[in-house]
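Start at 1 and go down the list; that is how both ligands and their atoms are numbered.
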Amino acid sequence: MKILVTGGAGFIGSALVRYLISDTDCEVINVDKLTYAGNLDSLKSVEDSHRYQFELADICDRPAMDLLFARHRPNAVMHLAAESHVDRSIDGPGDFIQTNLVGTYASLEAARTYWCSLNNSDRAAFRFLHVSTDEVYGDLAGCNDLFREDTPYDPSSPYAATKAGSDHLVRAWGRTFELPVLVTNCSNNYGPYQFPEKLIPHMILNALQGKPLPLYGDGTQIRDWLYVDDHARALYQVLQLGQVGETYNIGGINEKKNIDVVKTICAILDEFVVDKPSGIETFVDLITFVKDRPGHDERYAIDAAKIDAELGWRPVENFTSGVRKTIAWYLENQPWWQRVVDGSYRLERLGKGSQD
Ligand code: NAD
Ligand code: TYD
């Protein structure tokens, strides 16, 4: 199978590409614009594979997308390219509207035009898998409920609202044009190669540099954490076995308060790091409560029963094992994150001619 992956230089996209190359026979075309979140360093282990190709392109650029479909003739699309950080969507929603809505529209139209040109059996086998988030369902504050596939949409942030809109577009293209679409909505991911603006790597790298660990509000907000390799495996399983037109919720079965996540990270770092930054006895002392995020959702939690019952997927990693692996990875891969912190990973992009 030849899969066109959008956003394959990002955190989850790169985990998916590494998985597809190492654990399957698939060919992968990675289409990525290399925004600040795209990092080709995360793909070093696959870049020499004859089953992997990189294409620098903006998914909003319809002619470019048409050319890529015509050139590569994929059997499937796994659509991950997005602006993905809630805080950035509050500071500047414009890029989120462009990539998450306009970019998904352009990708759907390019896929549809190509799909219409296929013969009957290739049309029937084609899939467009849209990768989305549990944040489209809104806030589970003050109740014990879980997000199910039929939970009504109620997004809070500009990020969540644009992802909700993109989900609606994908389903409309399925219903109206009969494009064979699948949608997944996943909880918070963590693991190696995550850009250090998200909670877990932000805390690990701040701690290692002796900087404050900023918790928004009182730190009691709850997220359901999934190790990224479990997500990559789930996506491939949905692509292969999922029923066309269906949605699958993917979750870690790992609800944690932010404060407990950060205390766990501090305890593991206390154990792993012999030479602590000067003046620090225990990393917990770096925790600092800061002004809350506007519109901050209190709780997300996924009911992953459908994907378990219908496709036989469940997470392998629990939070303790996953976070230990993640911290060990950041400790062993300082050159990767150092190039992110000092900005030198972006030189790769300039070399590839991106205008971003
Ligand atoms: P990320 O921000 O790490 O990566 C996004 C990638 O998309 C980057 O490589 C970036 O260069 C690329 N990109 C952005 N705009 C583009 C454009 N216009 N054209 C081409 N490429 C573009 O994101 P992530 O955390 O890996 O998330 C991937 C997907 O999974 C997103 O759709 C996100 O909404 C979804 N998701 C993320 C999480 C999470 O916890 N990170 C959870 C559930 C769902
Ligand atoms: P984040 O990783 O940004 O993911 P999302 O907002 O998509 O859930 O944040 C996870 C949680 O951690 C969220 O409740 C906000 C909180 N948070 C902090 O308290 N401090 C931080 O520095 C960051 C980045 C997040």
Using a strict 4.0 Å cut-off to heavy atoms of [X], name the atoms of ligand 1 that fall inside it.
{"X": "Asn188", "value": "40 (O)"}
{"X": "Gly38", "value": "8 (C), 9 (O), 11 (O)"}
{"X": "Cys186", "value": "42 (C), 43 (C)"}
{"X": "Asp58", "value": "17 (C), 18 (N), 19 (N)"}
{"X": "Thr35", "value": "10 (C), 11 (O), 14 (C), 15 (N)"}

Got the closest protein heavy atom to [atom], with its distance?
{"atom": "atom 20 (N) of ligand 2", "answer": "Pro214 O, 2.8 Å"}
{"atom": "atom 7 (O) of ligand 2", "answer": "Glu135 OE2, 2.5 Å"}
{"atom": "atom 4 (O) of ligand 2", "answer": "Asn188 ND2, 3.3 Å"}
{"atom": "atom 3 (O) of ligand 2", "answer": "Arg293 NH2, 3.1 Å"}
{"atom": "atom 11 (O) of ligand 1", "answer": "Asp32 OD1, 2.6 Å"}
{"atom": "atom 2 (O) of ligand 2", "answer": "Leu199 N, 2.9 Å"}
{"atom": "atom 19 (O) of ligand 2", "answer": "Tyr216 N, 2.9 Å"}

Report the part of [X] in contact with ligand 2, treating N, CA, C, O as backbone and CB onward as side chain, heavy atoms under 4.0 Å; options are side chain, backbone, both, neither.
{"X": "Leu215", "answer": "both"}
{"X": "Asp297", "answer": "neither"}
{"X": "Val86", "answer": "side chain"}
{"X": "Glu197", "answer": "backbone"}
{"X": "His202", "answer": "side chain"}

Whether Thr24 side chain and Leu20 backbone form a donor-acceptor pair below 3.5 Å: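 Checked: pair present.
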Side-chain donor/acceptor of Asp270 to backbone N/O of Phe283, under 3.5 Å: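 Checked: pair present.
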N-O pairing of Arg324 and Glu271 below 4.0 Å: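 Looking at Arg324 and Glu271, the cut-off is met.
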Arg223/Glu255 ion pair, N-O < 4.0 Å: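 Glu255 and Arg223: not salt-bridged.
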Heavy atoms only: which of [options] is nearest to [atom]?
{"atom": "atom 5 (C) of ligand 1", "options": "Ser14, Ala82, Ala15", "result": "Ala82"}
{"atom": "atom 29 (C) of ligand 1", "options": "Asn189, Ile200, Thr162, Leu80", "result": "Leu80"}
{"atom": "atom 21 (N) of ligand 1", "options": "Glu135, Arg88, Lys33", "result": "Lys33"}
{"atom": "atom 16 (C) of ligand 2", "options": "Asp224, Asn258, Asp218, Asp134", "result": "Asn258"}
{"atom": "atom 15 (C) of ligand 2", "options": "His296, Arg223, Arg299", "result": "His296"}
{"atom": "atom 37 (C) of ligand 1", "options": "Val131, Thr133, Ile12", "result": "Ile12"}

Phe69 and Tyr114 aromatic ring geometry - parallel, tilted or perpendicular at 30°/60° bounds: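 Ring orientation, 0 to 90° scale: tilted.
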Without hydrogens or angle criteria, can the side chains of [X] and [Y] be said to hold a donor-acceptor pair below 3.5 Å?
{"X": "Gln240", "Y": "Tyr236", "value": "yes"}
{"X": "Glu178", "Y": "Trp173", "value": "no"}
{"X": "His50", "Y": "Glu27", "value": "no"}

Ring-ring centroid check Phe195 Tyr36, cutoff 6.0 Å: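 Close enough - the centres of the two rings lie under 6.0 Å apart.
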Within-shell test, Ser132 vs ligand 1, heavy atom, strictly < 4.0 Å: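 Heavy atoms of Ser132 do come under 4.0 Å of ligand 1.
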Arg148 atom CZ: more than 12 heavy-atom contacts under 6.0 Å: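 Yes, CZ of Arg148 has more than 12 neighbouring heavy atoms, counting only those of other groups under 6.0 Å.
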